[in-house]
Amino acid sequence: MSKAESEVLKSLIKILTSSKNPVDSLTPYTPLLTPTLLQSLVSSPSLSSHPSTLLSLHKLSLSLFPSLSSSPSFLLSLLPPLISRYKFSECKSLLLSFLSSDPQNTLFTSLVHHPSLSKPLLEISVSSYVQSGKPHLGLELFNLMKRLKKKPNLLTCNNLINGLVKFPSLHSIQLGKQVFHDSITLGVIPETSTFNILILGCCLEGKFNEAISFIEKMKDFGCFPDNVTYNTILAYLCKKGMLKEARDLLQDMKEKGLIPNRKTYNILVSGYCRIGWLKEASKIIDLMVQNDVLPDVWTYNMLINGLCGEGRIEEAVKLRDEMENLKVLPDVVTYNTLINGYFEWGCSEEGFRLVEEMREKGVEPIAVTHNILVKWYCKEGKMDEASERVRVMEESGLSPDKVTYNTLINGYCKAGKLAEAFRMMGVMLRKGFKMDTITLNTLLHTLCEERKLKKASELLITASKRGYLIDEVSYGTLIAGYFKVGNEDKAMKLWNEMKEKEIIPSIVTYNTIIGGLCQLGKTEQAIGKLNELLESGLVPAETTYNTIIHGYFKEGKVEKAFEFYNKMAKNSFKPDVFTCNILLSGLCREGMLEKALKLFDAWISKGKAIDGVTYNTMISSLCKEGRYEAAYHLVSEMKERNLGPDNYTYKAILDALTSAGRMKELEEVISKMVEAGKVHEQSLQSKEQNVKTSEILKESDPDSNACSVQIIELCNQGRYKDAMRIFRVSNEKGVALNKSTYIVLMEGLIKRRKGTTKSVQY
DNA sequence: CGATTGGGAT
């Protein structure tokens with residue numbers, strides 16, 4: 001600093017310390033101010049006892065020299081004097097606004113090397129890092145406090161543990177527990193809330209026994225469980241479908257003298273709805289009314305969702321009307337749930353109608369509403385309409401979110417448009433969304449579909465190293481993939497690996513392994529897994545039972561299949577269309593057509609739902625037996641019920657006629673099909689051929705091949721940037737690449753993510 | 001600590 005400058009500094013300090021309106025009196029001198037001067041001013045000891053002046057100077061520098069206020073040293077000269085005047089909340093907002101635009105963590109190193117690192121400064125920094133979504137840096141500061149033998153406040157500890165638990169990255173929950181133990185060692189006295197956070201962590205890891213054991217353990221610290229404690233565990237037990245243990249825990253809660261509140265009841269209602277036990281759910285509602293707790297929008301919404309899950313949409317809509325009468329007004333979630341229900345059960349017109357209706361009733365669609373529509377278009381393979389919907393969504397002022405992008409990526413993958421899927425990943429990243437486990441699992445599934453199991457396994461490992469949370473779905477996807485290619489060993493190995501990692505399989509993952517074993521003709525082993533899941537407290541789903549019944553049929557064990565069917569139907573098993581179709585096709589395959597017909601009639605007279613598959617099963621079998629009259633009768637019946645006929649129906653008839661050599665009838669049927677405009681089979685075949693030939697064309701294009709080979713090679717060498725350069729060039733030239741290339745590029749984007757926490761040196 | 005949307009199973 002020049003002599004002149006230090007003179008200016010001196011006079012400015014004088015003005016600032018003697019004036020009543022220090023910063024206003026500075027106005028005439030504003031042109032003289034430089035970043036250096038401002039930095040010197042805020043670091044000047046004479047101003048350290050004037051916190052409001054310091055804060056004003058900070059504001060001033062924000063408008064004059066934005067780059068100065070984003071320098072760590074500037075901020076760190078301000079904080080200690082403010083702290084010494086107890087301006088804690090001001091410090092926190094300064095820190096938070098700084099951290100919100102500090103992606104490179106420039107502050108952190110300066111902070112840990114700061115000469116006057118007081119305890120309050122450390123604590124405020126811990127909380128600020130946690131609040132800005134970087135609990136790991138908060139943890140580093142906590143560990144620094146530990147080394148400096150500074151005892152943190154309970155609030156700081158709770159804050160940090162909470163952050164580690166709720167921003168789950170690899171091992172962060174374990175680290176949260178470590179912080180708890182360290183805090184105890186440092187002499188911190190925990191409160192019930194501390195334990196509630198830890199319990200939430202256990203629940204998120206699926207470690208319910210540990211969660212429950214904390215209820216006893218907290219007493220040693222003079223803490224007692226409250227409603228939050230129990231509601232937390234209940235919520236996660238219900239989420240995982242462990243209703244039996246939830247009921248036991250509710251009992252325990254009551255015995256402890258705690259009074260279940262509305263949330264407690266709603267958690268159970270939602271739990272029963274999720275597993276499809278609607279009767280139990282309404283029993284819970286009776287129970288809550290008995291205890292003078294009235295159902296609210298949440299209760300109704302969950303019940304409506306339960307009904308939708310069972311396909312009982314009309315009843316769900318009735319329930320919405322009932323809400324209106326009871327003045328519990330349906331909200332956007334109610335409508336979203338119903339809209340989703342309609343789409344899920346193939347009533348898209350009603351779905352769209354409801355979107356209009358909600359608007360008329362003054363309920364505005366939100367991102368979720370649009371996402372539901374996008375999902376439906378994706379499921380229908382109408383990707384152009386899906387992206388058109390996203391445009392509409394943006395037009396109405398709503399931004400696509402993670403769910404939107406993941407839905408689109410998955411849609412494009414399923415539609416085989418891998419170039420578009422890759423492009424969407426790029427868009428997602430540009431909009432600031434990191435790819436997550438769901439994106440990863442989508443890609444894993446795509447790899448499995450392509451039978452690239454080795455690549456899928458490799459991706460699982462590298463993604464895990466790059467900090468992705470590998471979950472039960474990731475494993476389930478690979479396990480299903482290995483079963484599909486007949487590699488039972490590898491599938492079982494992954495299952496065991498998953499269990500060793502204490503990743504808790506849900507009913508769906510159990511269904512995967514049960515299905516895999518059944519497919520290999522090992523139904524008895526599958527029963528073993530069924531017992532295992534029961535022991536773990538899970539409730540089998542209809543799929544579980546159906547899969548096993550199917551397994552017995554595959555082994556030709558018809559009696560065993562029915563024995564199992566009857567036994568389970570006495571319990572919680574509610575046979576559905578799938579069950580019906582499995583039984584019918586099983587009987588037919590065993591040549592027991594008469595029994596099948598009997599069952600078919602019995603099923604219909606019970607008023608149970610059947611679908612096109614049911615008809616096709618019977619029609620196919622009747623045709624094979626030469627009973628064409630009966631078959632044609634069913635065809636017209638399915639036509640009446642709007643369940644077909646479809647390509648499978650025609651194929652069944654044509655195949656049977658062909659192999660019976662009844663060419664005359666064959667021609668008749670074909671001409672009837674042409675008449676009815678049903679030339680699907682032929683057109684479909686030629687379409688498939690078109691797709692195939694165009695793919696071959698693409699792949700045999702020398703330009704495309706050369707680029708593909710080059711990109712794959714570069715990606716394998718880890719030279720992703722070079723690969724991208726070639727990709728861009730080929731893209732500009734309009735060269736289409738093959739599937740494998742796009743997959744490799746997508747893997748590259750997944751892997752590009754930063755690894756697990758960088759440990760910072762100080 | 002509770003409801004709707006995204007990834008895996010018949």
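Just so it is clear: chains get the letters A, B, ... in the order the sequence lines come, proteins before strands, and each one is counted from 1.
- Residue S506(A) is in base contact, counting any heavy-atom pair closer than 4.0 Å across all strands shown.
- In this structure, D226(A) has no salt bridge (Lys or Arg N to Asp or Glu O under 4.0 Å) partners at least two apart in sequence or on a different chain.
- Rounded to an integer number of Å, the gap from E344(A) CD to dT5(B) C1' is 10 Å.
- Within a 6.0 Å sphere centred on NZ of K608(A), heavy atoms belonging to other residues, nucleotides or ligands number more than 12.
- Checking the phosphate oxygens (OP1, OP2) of dT5(B), no side-chain nitrogen or oxygen of K379(A) falls inside 4.0 Å.
- The side chain of D436(A) lies closest to dG6(B) when the candidates are dT5(B), dA3(B), dG6(B).
- You'll find that the side chain of H550(A) is closest to dT10(B), out of dG6(B), dT10(B), dT5(B).
- The OH atom of Y545(A) sits 18 Å away from the P atom of dT10(B) (whole-angstrom rounding).
- OP1 or OP2 of dG6(B) has at least one side-chain nitrogen or oxygen of K375(A) nearer than 4.0 Å.
- Legend: residues meeting side-chain hydrogen bond (donor to acceptor under 3.5 Å, both in side chains) with T194(A), ordered by chain and number and at least two apart, are N158(A).
- Nearest to the side chain of V333(A), among dA9(B), dG6(B), dA3(B), sits dA3(B).
- Among the atoms of the strands shown, none is found under 4.0 Å from any heavy atom of D226(A).
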Run the salt bridge (Lys or Arg N to Asp or Glu O under 4.0 Å) check on R320(A) and E315(A) step by step: do they pass? CA-CA 9 Å; R320(A) 183 213 44 183; E315(A) 290 170 70; over 6 Å; no
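- The residue T404(A) sits apart from the nucleic acid: no heavy atom pair falls under 4.0 Å.
- A search for salt bridge (Lys or Arg N to Asp or Glu O under 4.0 Å) contacts involving R353(A) returns E357(A), not counting sequence neighbours.
- N546(A) has its CG atom 11 Å from the C1' atom of dA9(B), to the nearest Å.
- When the shell of 6.0 Å around NZ of K560(A) is examined, it contains 12 or fewer heavy atoms from other residues, nucleotides or ligands.
- The T547(A) side chain lies nearest to dT10(B) when the options are dA9(B), dA3(B), dT10(B).
- Note on K484(A): nothing from the nucleic acid sits closer than 4.0 angstrom, heavy atoms only.
- Taking E532(A) as the reference, K499(A), K529(A) meet the salt bridge (Lys or Arg N to Asp or Glu O under 4.0 Å) condition, with sequence neighbours excluded.
- Within residues 468-476 of chain A, the residues approaching DNA chain B are D471(A), E472(A), V473(A), by heavy-atom distance under 4.0 Å.
- Under the side-chain hydrogen bond (donor to acceptor under 3.5 Å, both in side chains) criterion, K484(A) pairs with E449(A), not counting sequence neighbours.
- If you measure from atom CD1 of I284(A) to atom C1' of dA3(B), you get 16 Å, rounded to the nearest angstrom.
- When each of dT5(B), dT10(B), dA9(B) is scored by its nearest atom to the side-chain atoms of I372(A), the top-ranked nucleotide is dT5(B).
- Comparing atom distances between the L200(A) side chain and each of dC1(B), dA3(B), dT4(B) picks out dC1(B) as nearest.
- K166(A) comes within 4.0 angstrom of the backbone, heavy atoms only, and of no base.
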Using a 3.5 Å cut-off and no angle test, enumerate the donor-acceptor pairs between side-chain atoms of residues 245-254 of chain A and protein atoms at least two apart in sequence or in another chain.
unit_1	atom_1	unit_2	atom_2	d
R247(A)	NH1	Y272(A)	OH	3.1
D252(A)	OD1	K256(A)	NZ	3.4
D252(A)	OD2	Y230(A)	OH	2.9

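- The distance from atom CZ of F343(A) to atom P of dT4(B) is 18 Å, rounded to the nearest whole Å.
- Atoms CG (L584(A)) and P (dT10(B)) sit 19 Å apart, rounded to a whole Å.
- Listed candidates were dT10(B), dT4(B), dG6(B). Nearest to the side chain of N406(A) is dG6(B).
- Looking at the side chain of K402(A), the nearest of the listed nucleotides dC1(B), dT4(B), dG6(B) is dG6(B).
- Sorted by residue number, the members of residues 299-312 of chain A with any non-hydrogen atom under 4.0 Å from DNA chain B read N301(A), M302(A), N305(A).
- Proximity note for D331(A) (side chain, C-beta onward) versus dA3(B), dC1(B), dT10(B): the nearest is dA3(B).
- Spacing between atom CH2 of W298(A) and atom C1' of dA3(B) amounts to 5 Å, rounded to whole angstrom units.
- With sequence neighbours left out, the salt bridge (Lys or Arg N to Asp or Glu O under 4.0 Å) criterion links E497(A) to no other residue.
- Atom CD1 in I366(A) sits roughly 11 Å away from atom C1' in dA3(B) (whole-Å rounding).
- Nucleic acid contact for T407(A): sugar-phosphate only, since backbone atoms but no base atoms lie under 4.0 Å from a heavy atom of the residue.
- With a 4.5 Å cut-off on side-chain heavy atoms, C308(A) and F343(A) do not count as touching.
- Nucleic acid contact class of N196(A) (heavy atoms, under 4.0 Å, all strands): none.
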